[in-house]
Number of protein chains: 2
Amino acid sequence: MLIKRRTEPFEDCWALPGGFVGIAETTDAAARRELEEETGAKDLFLEQLYTFSTVDRDPRGRVISVAYFALVKPNSIQIRVGDEAKEVGWFGARDLPELAFDHASIVSTALQRLVGKVRYQPIGFELLPQKFTLSHLQKIYEVILGRDLDKRNFRRAVLKMGILDALDEKESGVPHRPSQLFRFDQAEYERLVQRGFSFEL
Amino acid sequence: MLIKRRTEPFEDCWALPGGFVGIAETTDAAARRELEEETGAKDLFLEQLYTFSTVDRDPRGRVISVAYFALVKPNSIQIRVGDEAKEVGWFGARDLPELAFDHASIVSTALQRLVGKVRYQPIGFELLPQKFTLSHLQKIYEVILGRDLDKRNFRRAVLKMGILDALDEKESGVPHRPSQLFRFDQAEYERLVQRGFSFEL
DNA sequence: TCAAAAGTGTTATGGTTACACCCATGA
DNA sequence: TCATGGGTGTAACCATAACACTTTTGA
């Protein structure tokens with residue numbers, strides 16, 4: 001999700017939402033605040049990505065940025081265009097317009113992190129609604145990893161972990177056999193991790 | 001490796017080496033510079049760890065720290081006590097004295113990162129001299145992972161990857177059968193990664 | 001000759017991969 | 001009735017884990 005900048009430098013250029021850290025707030029809090037101010041998005045999964053400190057990355061002077069990435073469940077947020085932005089829009093991470101500052105390199109770092117992480121941490125669920133089908137989940141993995149996965153093997157592998165609850169509910173309104181819905185069981189996942197379980201796909 | 005602080009706050013307390021970023025240097029450069037100034041250690045493997053921004057973490061005022069961790073090959077550095085420190089010393093990461101600021105939590109983040117990383121990236125070699133035995137390498141893994149590994153299985157696994165060169169050279173001066181020496185083949189590792197190989201132990 | 005670590009193969013088990021057909025729904 | 005994706009089992013292969021003895025050196 002990018003914003004089109006309303007102010008110089010890089011006016012009218014697409015950029016990541018962001019801004020300055022307050023004297024009495026953590027960078028986590030600042031990231032949340034800026035994201036909400038500029039796009040309306042709130043209550044997201046947010047993780048610190050990396051700190052970018054190239055000396056000339058901002059033409060206004062020396063700026064060091066602590067970058068965060070957010071994962072968004074579809075339909076879970078209400079987007080609104082904040083004061084700083086002319087526009088807010090979604091773009092494919094592998095198909096971006098030209099970005100302000102060094103934001104292209106921030107996005108590419110984020111993508112790498114996501115790819116590196118998705119197989120070892122249950123973050124795929126942060127990109128799905130609470131109730132989802134195994135096909136949706138598989139699709140998330142296929143998009144992030146950039147390759148197709150075998151349906152039967154994928155299902156066997158995720159179900160074996162025992163961190164998904166099958167709900168008494170199916171999809172409806174689809175023009176094909178309706179799919180079983182599942183929920184990610186966070187509490188059970190944490191219990192298993194305590195006992196040495198490690199997520200792996 | 002810790003330094004004993006010469007100045008307030010936390011005078012005489014053990015702390016991580018560190019200091020302020022120059023207006024025209026990256027945080028990477030600042031980390032290297034401070035490390036060398038305070039301890040003499042240079043030319044190390046250095047990786048950005050995390051940025052710590054709790055509001056009251058420094059009694060002097062608002063300070064945000066971009067933490068780095070270094071991996072040191074034994075005998076590869078010459079330690080010297082810089083102007084800022086009263087003393088420089090090595091400590092077991094799981095057996096530390098009380099630390100200044102929030103440095104204990106920085107160390108614990110670094111340990112977690114190291115444990116999480118060592119199985120998927122060939123960083124164990126950064127903790128060994130250029131020439132090493134497979135037993136040394138195995139010991140590194142056992143210490144970091146906190147459990148014993150099977151000698152035969154470990155050897156088979158690392159040799160199968162094809163990123164170690166057996167040298168025409170053996171240990172000497174040991175009171176037991178001398179061991180074959182190996183070298184990590186960085187170039188070959190990178191070649192393999194290009195072709196989709198992924199390190200895993 | 002002793003103590004210490006080096007070095008080496010095999011087997012059983014379990015996990016991974018590849019693969020094809022019938023089912024339930026809405027249009 | 002058709003198109004669409006949902007759902008399921010097996011067999012071959014490969015990787016992992018467990019395990020014990022001989023070798024070489026310095027003291």
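Model, not experiment: these values are computed from the prediction. Residue numbering restarts at 1 for every chain, and letters A, B, ... go by the order of the sequence lines.
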Parallel, tilted or perpendicular: rings of A:F125 and A:F132 (30°, 60°): tilted
Touch class at under 4.0 angstrom, heavy-atom based, for A:S135 against every strand present: sugar-phosphate
Touch class at under 4.0 angstrom, heavy-atom based, for B:E171 against every strand present: nothing
Atom-to-atom span, CG of A:L134 to C1' of D:dG6 - whole angstrom: 10 Å
Closest to side chain of A:R156, choosing from C:dG7, C:dA18, D:dA18: C:dA18
Minimum-distance nucleotide to A:K160 side chain [options: D:dA18, C:dT16, D:dT16]: C:dT16
From D:dA18, C:dG7, D:dT24, nucleotide with atom closest to B:P178 side chain: D:dT24
Stepwise ring-ring contact (aromatic ring centres under 6.0 Å, His included) check, A:Y50 with A:F52: CA-CA 6 Å; A:Y50 196 76; A:F52 294 83; 5.3 Å; yes
Given DNA chain C, 5'-ward residue of the pair A:K170 and B:R155, judged by closest heavy atom: B:R155
Minimum-distance nucleotide to B:N153 side chain [options: D:dA17, D:dT4, C:dC19]: D:dA17
A:R152, nearest nucleotide to its side chain (from D:dT8, D:dG6, D:dT25): D:dT8
Between D:dG6 (P) and A:L181 (CG): distance, integer Å: 11 Å
Given C:dC19, C:dA6, D:dA18, the nucleotide with the shortest approach to the side chain of B:K151: C:dA6
Electrostatic pair A:E11:A:R6 at N-O distance under 4.0 angstrom: no
Distance in angstrom units between B:Q180 CD and D:dT25 C1', rounded: 15 Å
Evaluation steps, side chain to side chain contact (heavy atoms under 4.5 Å, CB included), between B:R60 and B:E8: CA-CA 9 Å; B:R60 291 167 293 187; B:E8 287 292 349; over 6 Å; no
B:S179 vs C:dG7: side-chain N/O to OP1/OP2 distance below 4.0 Å: yes
Atom-pair distance (NE2 on A:H176; C1' on D:dG5), nearest Å: 5 Å
A:P175, nearest nucleotide to its side chain (from C:dG26, D:dG7, C:dA18): C:dG26
Nearest atoms (heavy-atom pairs only) where B:K73 meets B:S76: O-OG, 2.6 Å
